[in-house]
Amino acid sequence: MLRYIYSDQMALYPKLRDTMFRDRADQFKTRLGWDVTVNEKGEESDQYDQLNPLYVIWQRPDGSHGGSMRFLPTVGRCMVNEHFLDITQGVRIESPLIWECTRFCLSRGSDPAVAAALMLAGGEILDRFGLRHFVGVFDARMVRIYRRIGASPTVLGTSGEGRDAISVGLWEFNPEAKARVARQAGLSPELSAMWFDQAFGDPKPDSFALTA
Amino acid sequence: MKPRVEQILEDLEQATGLEHLQIAVEALRDHYRVDHVVYHWVSSSGEQYGCGTYSPEWAQRYQEQEYLRTDPVILGCFQRFHPVDWKMLDWTSRAARTFQTDALKYGVGNQGFSVPIRGPNGQFALFTVNHNCDDATWERFTEMHRRSIILVAHFCNQKALEFEPGRKPEPAQPLSPREVDAITLIAMGHSRAQVADALSISEHTLRVYIESARFKLGAANTTHAVARAISRGLIVV
């Protein structure tokens, strides 16, 4: 299932948390060889994990991590504006209607449906919170996966080469694109909406108005 | 007459004290045609202040009852950065229900939309639009105005931060040359497609640059952003 969890709520999901940070180490350090910090427990995290980001996580039936990404508002400290200004042509992308999405991670052996599910969650966030765009940082091999699931970003640019290559891209979703990733993910829009409501509160009709 | 949001933001830009923020908040209430607009600030040390259109009696009651500890809007928004419709919050606890009954008695509307803002150094602010109406009316309202409310919330907070005692002014984030180019070409009357083409970027990239420039300029929309860039001498047309 799709989970939307702020960092300060992660203690409630120890298995999910531990497997996510371990899978991140596996992807970014072991497989991609990026210059990231892995602690003695084999978990990768960075300074932006300290800023209480919102994680969107695909949770497997056994409670472990299948894939995830990390959101932060671009009006605060964020990776794009602190590390990738060369790719954004010097533009500090800054608006409460644009969030950044980083550390897009798929656990080893996850199928593309997981990537599609995460993209669907991105679409939910845009829709439900009134956002316009995401600006994302991703490893270059993801470009192919994003294309396959029908959620290609507009790539602003790429730094480095081969497996070191890191790209910055933009996403926006129209209803058709959202429907497409839902199909790719094998998830119904209703189920996706339900998971979102579970995380952020189910709108309760007249719950407040009843006493008026 | 319903004040235009551009004018409210122009006045807000000139604000030099909290009393001006109060005027802006009242104008925003009239602009959105709602019962209340409230800006509420909590510093990292727990100090709070705010301005808004709730009755002074409710503001006093809120302080006396220390509702900051039980208010579901505060509890649901603290440490968050997504906007919240009050219906999404948890009103089930006894403390929350007591608070709710009391709030309604003091003239707080049954519907609310709050924008949490995480400022520098643990500063937290909440910008709320509150109204009395049925769910369908409220849904139409928030659907139509939520982006505007989110932007205005941040503009109010940026202004409020300027008034914080002992605060060093943030270095102004000037527009990057690329944003200046984009706004200049827009100001010259070119279409977005033409501008994107001239800058050798996609229209999507252009939309993001303009969205970003709009926010930095404290503007309500693209036209307003152009006007502001001209009046500040950032672009020459």
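Naming convention: chains lettered A, B, ... in sequence-line order (proteins, then strands); numbering from 1 in each chain. Owing to the predicted nature of the structure, the values given are computational and were not obtained by experimental measurement.
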More than 12 heavy atoms from other groups under 6.0 Å of CG on A:Asn174
yes
Within the structure provided, determine whether B:Met88 and A:Asp197 are in side-chain contact (heavy-atom separation under 4.5 Å).
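SC-SC contact between B:Met88 and A:Asp197 ruled out.
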Do A:Ile93 and B:Glu211 make a side-chain contact, defined as non-hydrogen atoms from C-beta onward lying under 4.5 Å apart?
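With C-beta onward as the side chain, the pair stays apart.
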For residues B:Phe81 and A:Tyr6, establish whether the separation of their ring centroids is below 6.0 Å.
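So the answer is yes for these two rings.
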Sort [X] into side chain, backbone, both or neither according to what part of it lies under 4.5 angstrom from a heavy atom of chain A.
X        : value
B:Arg214 : side chain
B:Ile117 : neither
B:Ser202 : side chain

For A:Arg132 and B:Arg207: C-alpha separation, side-chain torsions, deciding distance, then whether side-chain contact (heavy atoms from CB on, under 4.5 Å) applies.
CA-CA 9 Å; A:Arg132 294 240 186 245; B:Arg207 282 197 292 281; over 6 Å; no
Between [X] and chain B, which part of the residue has a heavy atom less than 4.5 Å away: side chain, backbone, both or neither?
X        : answer
A:Asp127 : backbone
A:Leu72  : both
A:Val75  : side chain
A:Leu54  : both
A:Leu170 : both

So which of B:Lys105, B:Glu143, B:Gln79, B:Arg80 has the biggest tally of heavy-atom pairs under 4.5 Å with chain A?
B:Arg80
At under 4.5 Å between heavy atoms, what parts of residues 8-16 of chain A are in contact with chain B? List them by residue number.
A:Asp8, A:Gln9
Looking only at heavy atoms, which of residues 141-159 of chain A get nearer than 4.5 Å to chain B?
A:Thr154, A:Leu156
[X] versus [Y], closest heavy-atom pair with distance:
X        : Y        : answer
B:Ser212 : A:Glu94  : OG-N, 2.8 Å
A:Gln89  : B:Ile201 : OE1-CG2, 3.6 Å
A:Gly90  : B:Ser176 : O-CB, 3.3 Å

Between A:Phe129 and B:His82, what is the ring plane arrangement, given parallel below 30°, perpendicular above 60°, and tilted in between?
parallel
For B:Ser148, what residues pass the side-chain hydrogen bond (donor to acceptor under 3.5 Å, both in side chains) criterion, not counting sequence neighbours?
B:Tyr32
Contacts of type side-chain hydrogen bond (donor to acceptor under 3.5 Å, both in side chains), residue A:Ser110, not counting sequence neighbours
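side-chain hydrogen bond (donor to acceptor under 3.5 Å, both in side chains) list for A:Ser110, sorted by chain: A:Ser107.
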Show your working on side-chain contact (heavy atoms from CB on, under 4.5 Å) between A:Val135 and B:Val208 and close with a plain yes or no.
CA-CA 9 Å; A:Val135 53; B:Val208 168; 5.9 Å; no
Under 3.5 Å: donor-acceptor pair, side chain of B:Arg178, backbone of A:Val91
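A pair under 3.5 Å: no.
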